[in-house]
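Below is one structure; the comments refer to it alone.
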Amino acid sequence: MVQQLTTGERQNALVILVCIVAVGVAMAAAGGSDALGVHGVIVLLFGAGLAALVMRSYYEAEPAQDRLSHYYDDPTKVGIALTLAWAIFGMFMGVWTAAQLAWPDLAFDAGWSTFGRLRPTHTTGVIFGFGGNALIATSFHVVQRTSRARLAGQVSPWFVLLGFNLFCVLAVTGYFMGVTQSKEYAEAEWYADLWLVVVWVTYFVLFLRTIARRKEPHIYVANWYYMAFIVVVAILHIVNNLAVPISFGQAKSYTIWAGVQDSMVQWWYGHNAVAFFLTAGFLAMLYYYLPVRAQRPIFSYRLSILSFWGITFFYMWAGSHHLHYTALPHWVQNLGMTFSVMLLVPSWASAGNALLTLNGAWQKVRDDATLRFIFVAVVFYGLSTFEGSFLAIRPVNALSHYTDWTVGHVHAGALGWVAFITFGSIYTLVPSLWKRERMYSPVLVEVHFWLAVAGTLIYVFAMWNSGILQGLMWRTYTQEGTLAYSFLDSLVAMYPYYIARAFGGLLFLLGAMIAAFNIWMTVRAVPATLDRRADVPDTGLAPGAAATPAE
């Protein structure tokens with residue numbers, strides 16, 4: 001980590017860390033006993049700990065003079081480790097909160113462990129901790145290979161990766177203390193949001209500078225998707241989190257948006273976080289690691305570009321479908337519904353493009369569990385995008401809204417699409433990155449695959465049944481025109497489904513723990529010096545590059 005930095009770069013890192021320590025001291029002093037003060041201590045310890053790490057290696061020999069002629073993979077390696085750590089944490093919190101719905105006593109009569117405080121630790125831990133670290137780590141890897149250029153900075157990749165994780169820590173610890181903006185997927189308070197802006201702008205500049213110094217004249221499609229993910233998430237985050245703090249010594253703030261405008265901005269953010277954080281970035285993984293693993297070029301590069309522009313344009317208008325039957329103007333609801341249905345075209349274009357890439361290579365899918373992860377991810381991507389367009393139609397939404405059907409839909413995408421493509425990409429990346437012949441245990445990859453499939457299906461089918469049953473019970477009237485079932489009746493009917501939900505999540509968590517063990521053992525293994533492929537220099541050619549001229 002530090003050994004790859006020159007003395008000047010180590011000095012720059014120390015300057016940045018001293019500034020972070022100073023900010024932590026200021027936050028602790030201003031916040032006092034407020035949650036802001038606690039977070040100030042966390043920032044202080046974060047900066048001081050990393051400064052001590054840099055100082056410990058400060059006087060070691062400088063890196064070799066030819067280091068800039070090699071890819072810079074250390075941030076990617078650390079990012080993979082952080083991805084797995086957040087996966088286990090986030091999924092554990094998800095299992096805990098799911099179990100609380102069946103057994104409420106699991107809150108242990110404590111304020112910090114109530115459902116309302118634990119749930120955002122799950123969503124943030126999985127979406128931003130697990131998903132965000134996977135996106136950052138793989139984007140660093142992909143942009144270098146497809147551009148045949150080293151990352152443009154030496155310190156900035158570490159600032160982006162570790163700074164993003166500081167944001168995640170501030171967010172999660174804040175939820176335990178009751179610090180929240182009460183915005184879905186955007187619960188972190190104003191100071192954490194400001195810090196993320198600094199980190200994200202640095203990420204954008206680093207990514208853009210790396211592409212600008214590429215040796216490949218062509219910008220591979222994965223980089224288009226990564227760039228869309230970075231740019232749009234920055235816009236969404238800034239606009240949705242515009243807020244005024246009570247004071248600079250307190251964590252609490254109030255949004256500048258009011259009433260229905262706040263709801264519209266929030267779900268413009270919320271749905272596009274799904275679009276550009278949980279879709280565009282992971283499609284970038286798909287378009288790189290699927291051809292690498294299948295050893296086949298993408299079926300149609302042109303179709304991938306058309307899909308990119310369709311997703312980029314249509315998704316931005318679809319957020320209002322979350323607000324059917326509310327005070328939002330009717331025409332805005334219609335706009336969101338219309339664009340949600342239109343989204344099916346570019347979404348299925350990507351799914352079909354991926355499946356057609358595998359055409360003629362189904363024996364590999366049968367024999368290779370890693371490729372099967374990617375294949376199942378594509379299937380769930382096609383399924384969840386169809387379901388999303390279907391649920392956005394107002395009459396269907398009347399039945400599904402506020403029910404567990406929506407929860408099942410979200411997890412079909414989060415588990416079946418996001419997690420599967422992430423694990424498939426990591427299993428593809430790890431042996432080549434650490435120069436191993438294969439994963440430590442292909443059998444454990446198989447075990448992980450089937451645990452993940454079983455957990456996802458149990459979870460999603462339980463929520464589909466639960467949600468449809470809920471919606472029907474809430475809409476059933478007697479001959480006298482009164483409700484046939486009370487809300488308590490619907491809760492009793494949900495009980496077995498909540499147990500199944502927790503069990504499905506537990507299976508998925510066990511699979512993630514097996515993956516972490518398998519990857520750890522792979523990293524510890526002896527490099528495959530006898531494997532000819534491991535010694536071949538990385539050409540940096542984009543997957544499917546040979547097919548591009550035919551386009």
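Count residues from 1 along the sequence.
At a cut-off of 3.5 Å, with distance as the only test, a side-chain donor of His39 or Thr173 sits close to an acceptor on the other residue. For the residue pair Ser139 / Tyr203, a side-chain donor-acceptor distance below 3.5 Å is found, with atom types taken as modelled. Of the N and O atoms on the side chains of Ser182 and Glu187, not one donor lies less than 3.5 Å from an acceptor on the other residue. For His401 and Tyr325, the side-chain atoms include no donor-acceptor pair closer than 3.5 Å.
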| request: Evaluate side chain to side chain contact (heavy atoms under 4.5 Å, CB included) for Thr76 paired with Ile80, printing each intermediate quantity in order. | output: CA-CA 6 Å; Thr76 298; Ile80 290 172; 4.2 Å; yes
| Under the side chain to side chain contact (heavy atoms under 4.5 Å, CB included) criterion, do Leu50 and Trp158 qualify, and how do the steps go? | CA-CA 11 Å; Leu50 288 178; Trp158 293 112; over 6 Å; no
| request: Give the C-alpha distance, both sets of side-chain angles, the deciding distance and a yes or no for side chain to side chain donor-acceptor pair (under 3.5 Å) between Ser253 and Glu189. | output: CA-CA 7 Å; Ser253 67; Glu189 270 291 0; 2.6 Å; yes
| query | For Ile519 and Met439, what are the C-alpha separation, side-chain angles and deciding distance, and is it a side chain to side chain contact (heavy atoms under 4.5 Å, CB included)? | reply | CA-CA 7 Å; Ile519 291 167; Met439 289 297 299; 3.7 Å; yes
| query | Between Thr255 and Lys183, does a side chain to side chain contact (heavy atoms under 4.5 Å, CB included) hold up when you go through it step by step? | reply | CA-CA 10 Å; Thr255 179; Lys183 286 174 172 281; 4.0 Å; yes
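Open room surrounds CZ on Phe461; 12 or fewer heavy atoms of other groups in view lie less than 6.0 Å from it. In this structure, Met513 places its CE atom where only 12 or fewer heavy-atom neighbours from other residues, nucleotides or ligands lie under 6.0 Å away. Within a 6.0 Å sphere centred on CH2 of Trp103, heavy atoms belonging to other residues, nucleotides or ligands number more than 12. By the 6.0 Å contact criterion, OH on Tyr495 is enclosed, its count of non-hydrogen atoms from other residues, nucleotides or ligands being greater than 12. Residue Phe503 qualifies as open at atom CZ: its count of foreign heavy atoms under 6.0 Å is 12 or below.
In terms of heavy-atom proximity, Ser384 sits nearest to His409 at O-CE1, 3.0 Å. Contact detail for Ser57 and Val2: the closest heavy-atom pair is CB-CG1, 3.7 Å. Minimum interatomic distance between Ile374 and Leu286 (heavy atoms only, all atoms of both residues): CG2-CD1, 3.8 Å. Between Thr202 and Ser156 the shortest heavy-atom distance is CG2-CB, 4.1 Å. Of all heavy-atom pairs spanning Gly79 and Leu161, the tightest one is N-CD2, 3.7 Å. Between Leu483 and Trp474, the shortest heavy-atom distance links the atoms CD2-O, 3.5 Å.
Ring geometry for Trp86 versus Phe89: interplanar angle over 60°, hence perpendicular rather than tilted (30 to 60°). Under the 30°/60° scheme for interplanar angles, the aromatic rings of Trp405 and Phe390 are found to be tilted. In this structure, Phe164 and Trp200 have tilted ring planes: the angle between them lies in the 30° to 60° band. Taking the six-membered ring for Trp and thresholds of 30 and 60 degrees, Phe449 and Phe420 have ring planes more than 60 degrees apart, a perpendicular arrangement.
Checking side-chain atoms of His122 against main-chain N and O of Gly90 turns up a donor-acceptor pair under 3.5 Å. Without hydrogens or angle criteria, Asp489 side chain to Ser486 main chain gives a donor-acceptor distance under 3.5 Å. A donor-acceptor distance shorter than 3.5 angstrom exists from the side chain of Ser389 to the backbone of Thr385, with no hydrogens or angles considered. Between the side chain of Arg436 and the backbone N or O of Ala525 there is at least one donor-acceptor pair closer than 3.5 Å. With hydrogens and angles ignored, the 3.5 Å screen pairs a side-chain donor or acceptor of Gln181 with a backbone N or O of Ala186. The closest donor-acceptor contact from the side chain of Asp404 to the backbone of Ser466 lies at 3.5 Å or more, if one exists at all. Between the side chain of Asn272 and the main chain of Trp268, a donor-acceptor pair closer than 3.5 Å is present. Remark: side-chain polar atoms of Ser320 are paired, donor with acceptor, to backbone N or O of Val332 under 3.5 angstrom. At distances below 3.5 Å, at least one donor-acceptor pair connects side-chain atoms of His321 with backbone N or O atoms of Ala318. Side-chain N or O atoms of Ser113 include one that pairs as donor or acceptor with a backbone N or O of Ala107 at under 3.5 Å.
Exactly one of Thr138, Thr422, Asn165, Thr83 qualifies for a side-chain hydrogen bond (donor to acceptor under 3.5 Å, both in side chains) with Asn133. That residue is Asn165.
The side-chain tip of Lys252 points at the ring of Tyr254 from less than 6.0 angstrom away and within 45° of straight on.
Within the 4.5 Å cutoff, side-chain heavy atoms of Asp193 are placed close to those of His237. A heavy-atom distance below 4.5 Å is found between the side chains of Ile20 and Trp195. The side-chain heavy atoms of Phe130 and Met91, taken from C-beta on, include a pair separated by under 4.5 Å. Side-chain contact between Ile458 and Arg501 is absent, with no heavy atoms from C-beta onward closer than 4.5 Å. Between Trp190 and Asn241 there is no side-chain heavy-atom pair separated by less than 4.5 Å. Side-chain contact between Asn465 and Leu469 is absent, with no heavy-atom pair separated by less than 4.5 Å. In this structure the side chain of Thr522 never reaches within 4.5 angstrom of the side chain of Trp434, judged on heavy atoms. Tyr185 has its side chain within reach of Tyr269: a pair of non-hydrogen atoms, C-beta onward, lies under 4.5 Å apart.
Centroid-to-centroid, the aromatic rings of Phe277 and Phe229 come within less than 6.0 Å. Checked against the 6.0 Å centroid threshold, His271 and Tyr315 count as a close aromatic pair. Outside the 6.0 Å centre-distance limit, the rings of Tyr226 and Phe276 are not counted as a close aromatic pair. Within the 6.0 Å centre-distance limit, the rings of Tyr427 and Phe373 are counted as a close aromatic pair.
With sequence neighbours excluded, the residues satisfying side chain to side chain donor-acceptor pair (under 3.5 Å) with Thr124 are Tyr175.
In this structure, Asp73 CG and Leu433 CG are separated by 4.5 Å, a value rounded to the nearest 0.5 Å. Considering OG1 of Thr121 and CH2 of Trp112, their distance stands at 9.5 Å, rounded to 0.5 Å. Separating the CD1 atom in Ile256 from the CG atom in Leu242 is a distance of 4.5 Å, to the nearest 0.5 Å. Atom CD1 of Ile393 and atom NE2 of His324 lie 9.0 Å apart (nearest 0.5 Å). Of the inter-residue distances, the one linking Tyr440 atom OH with Met521 atom CE reads 4.0 Å to the nearest 0.5 angstrom. Atoms CG and NE2, from Leu328 and His322 in turn, are 12.0 Å apart once rounded to the nearest 0.5 Å.
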